[in-house]
Amino acid sequence: HAGLDIFGAGESGDAQSGHISEEMYLRLCRQSDGIIFDNGELSLKVKSEYHGHMGRFILYYGNVGRAGAILNLKSSVPLSTHFKIQCNQPGSSVEVNAQTQQLFSVECLTAFEDPPKLIISYSYGMNDRQIEIRVPLAMNKFVEPFVVNKDDFFKRWGAIGGAPREEQQVYATPANMTPAKLRERLAELRISVLTDVDPVADNAVGAGVFCCKGGQTGLLVRCEVNAKMHMVRVTARSPSPEVTHIFSKIFKEQLSCQS
């Protein structure tokens, strides 16, 4: 893996604490790399890849301060029933304008709502720091796109049936969320956007398979778009009420998010 440029101008949601904005966090839950923390001393970037129920990511720790080396650098991931995470330790010291990296492997064990947390401690100047960071990891990272034709889609849709295996929400979308951009956003969530399934051209229909150690669960989604009013009705269906519920929340967060 090539290193990421951690010394370029990065976006920061809150320069004081170093934590990124919620919008940037949600964007990283769709994308594979980007900055997750920068407090003017320590800059953290992530680069990730996921296949099925397995994934790995590299954290790049950069010393972006001017007051000497970062020392006693350590990180840990609290145990979770949802993931099995293994990692090495980063280098314990980082000189000014240098970086060290840490490789993580992740296995998704069950459906989950809360991402893994990372606890990082280090010394800088005369100060000891401890920070807690959410890894940008949502259930969509463990989805594989799934292509079905129109007849197959409606057969599966009907077989799943209604609540609690179906959840429907209506909400506002940003002004720049065109029908094309909405389809793009679904694809970024690893949902296969199906063509010629919904008779209404602006609507979007998609399918995916959520993968965890316990097995695979199909997921279907239909987005009925009112482009003029910037509203969307999103219906999610899955054989698992838990998977349906969590993805219904993910769709709302991601489709009502500006960027």
Taking salt bridge (charged side-chain N to carboxylate O under 4.0 Å, His left out) as the definition, give me every residue that meets it alongside [X], ordered by chain and number, with sequence neighbours left out.
X    : result
E107 : none
R165 : none
E167 : none

Do we see a donor-acceptor contact under 3.5 Å between the side chains of [X] and [Y]?
X    : Y    : answer
Q99  : Y61  : no
H82  : T110 : yes
R30  : Q254 : yes
T235 : E166 : no

Is the side chain of [X] donor-acceptor paired with the backbone N or O of [Y] at a distance under 3.5 Å, no angle test?
X    : Y    : answer
T244 : S240 : yes
E49  : F57  : no
Q101 : Y60  : no
D33  : V46  : no
Q89  : S75  : yes
N72  : S123 : no

Next on the checklist: Between L186 and F247, is there shared hydrophobic-cluster membership here, with clusters defined by ILVMFWY side-chain heavy atoms closer than 4.5 Å?
Outcome noted: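 In one cluster: yes.
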Checklist entry - When you look at M177 and H230, which way does the side-chain contact (heavy atoms from CB on, under 4.5 Å) test go after all the steps? => result CA-CA 8 Å; M177 185 65 77; H230 301 299; over 6 Å; no
Distance in Å, [X] [atom1] paired with [Y] [atom2], rounded so as to fall on 0.5 Å steps:
X    : Y    : atom1 : atom2 : answer
L73  : S92  : CG    : OG    : 7.5 Å
L219 : M139 : CG    : CE    : 8.0 Å
F104 : L59  : CZ    : CG    : 4.5 Å
M54  : C108 : CE    : SG    : 10.5 Å
I70  : S93  : CD1   : OG    : 9.5 Å
S43  : N63  : OG    : CG    : 10.0 Å

Test of understanding: with side chain to side chain donor-acceptor pair (under 3.5 Å), list the residues that count as partners of [X], not counting sequence neighbours.
X    : value
K249 : E113
E253 : none
E23  : S259
E22  : R134

Item to check | Residue D196 excluded, over 12 heavy atoms near CG under 6.0 Å | outcome: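 12 or below, so no.
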Item to check | Within 6.0 angstrom of K117 NZ, more than 12 heavy atoms from elsewhere | outcome: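 No, not enclosed.
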Next on the checklist: Show, in sequence, the C-alpha distance, side-chain angles and deciding distance for Y124 and L71, and conclude whether the side-chain contact (heavy atoms from CB on, under 4.5 Å) test is met.
Outcome noted: CA-CA 6 Å; Y124 187 75; L71 301 171; over 6 Å; no
Suppose we screen for ring-ring contact (aromatic ring centres under 6.0 Å, His included). Which residues come up paired with [X], at least two apart in sequence or across chains?
X    : value
F37  : H19
Y50  : F142
F112 : F83
F153 : W157

Checklist entry - Are any of the side-chain nitrogens in K181 or E184 under 4.0 Å away from the carboxylate oxygens of its partner? => result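 Looking at K181 and E184, the cut-off is not met.
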Checklist entry - Can K155 and D151 be counted as an ion pair, charged N to O under 4.0 angstrom? => result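 No.
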For residues 201-216, please give each side-chain donor-acceptor pair under 3.5 Å, one per line with the distance, not counting sequence neighbours.
from, atom 1, to, atom 2, distance (Å)
N203, OD1, V225, N, 3.0
N203, ND2, D198, OD1, 3.3
N203, ND2, D198, OD2, 3.4

Checklist entry - Any side-chain heavy atom of I133 sitting closer than 4.5 Å to one from I120? => result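 Yes, side chains in contact.
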Item to check | Close side-chain approach of L220 and I160, heavy atoms under 4.5 Å | outcome: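 Of all side-chain heavy-atom pairs linking I160 with L220, at least one is under 4.5 Å.
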Checklist entry - Would L28 and I20 satisfy side-chain contact (heavy atoms from CB on, under 4.5 Å), going step by step from the backbone distance to the final call? => result CA-CA 10 Å; L28 284 174; I20 57 174; 3.8 Å; yes
